[in-house]
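These numbers were taken from a predicted model, which means no experiment stands behind them.
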Amino acid sequence: MGGINMNAPTRPTAEIARLGKEIYERDIRSKLEDNYHGEYVAIDVETGDWAIAPGEREALERLRARRPGAVDVLMERVGYRALRSLGAGSLRRTV
């Protein structure tokens with residue numbers, strides 16, 4: 001019943017997104033774009049640590065294997081502007 005959810009983010013969602021995207025653009029994107037297009041990256045915004053995998057769940061599991069306390073995590077899809085789309089239009093990056 002009550003208690004603390006150990007997997008609940010400690011930062012606001014917008015801050016996690018901002019920090020995670022900064023880390024992705026600064027430290028990760030150039031390392032992955034050519035060889036891992038379409039795969040998923042889980043980014044711990046607290047430490048900057050990250051893990052990549054073909055699926056979201058696997059990327060998160062790989063990250064948490066190294067960082068069990070990671071809760072402020074952003075998921076990015078390599079080569080795409082977003083994880084998913086609700087409407088028409090391509091999610092692929094054009095630049």
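- For the residue pair Val78 and Leu32, the shortest heavy atom distance occurs at CG1-O, 3.8 Å.
- Taking 4.5 Å as the limit, some side-chain heavy atom of Asp44 sits within range of a side-chain heavy atom of Leu63.
- Across Pro54 and Glu39, no two heavy atoms sit closer than the pair N-OE1, 3.5 Å.
- Rounded to the nearest 0.5 Å, atoms OH (Tyr24) and CG (Leu74) are 10.5 Å apart.
- Taking a 6.0 Å sphere around CZ of Arg57, one finds it holds 12 or fewer heavy atoms contributed by other residues, nucleotides or ligands.
- What you find for Ala51 and Ala59 is that their closest heavy atoms are CB-O, 3.6 Å.
- The structure places CD1 of Ile23 at 7.5 Å from OG1 of Thr47, a figure rounded to the nearest 0.5 Å.
- In this structure, Glu58 pairs ionically with Arg62, as a charged nitrogen and a carboxylate oxygen lie closer than 4.0 Å.
- The two residues Met75 and Ala42 make their nearest non-hydrogen contact at SD-CB, 3.6 Å.
- Of the possible polar contacts, none joining the Arg77 side chain to the Tyr40 backbone as a donor-acceptor pair under 3.5 Å is found.
- A donor-acceptor pair is defined here as one N or O able to donate and one able to accept, closer than 3.5 Å; such a pair exists between the side chain of Asp72 and the backbone of Thr10.
- Once rounded to the nearest 0.5 Å, the distance linking CD of Glu22 with CD1 of Ile28 reads 12.0 Å.
- In this structure the side chain of Arg11 reaches within 4.5 angstrom of the side chain of Glu46, judged on heavy atoms.
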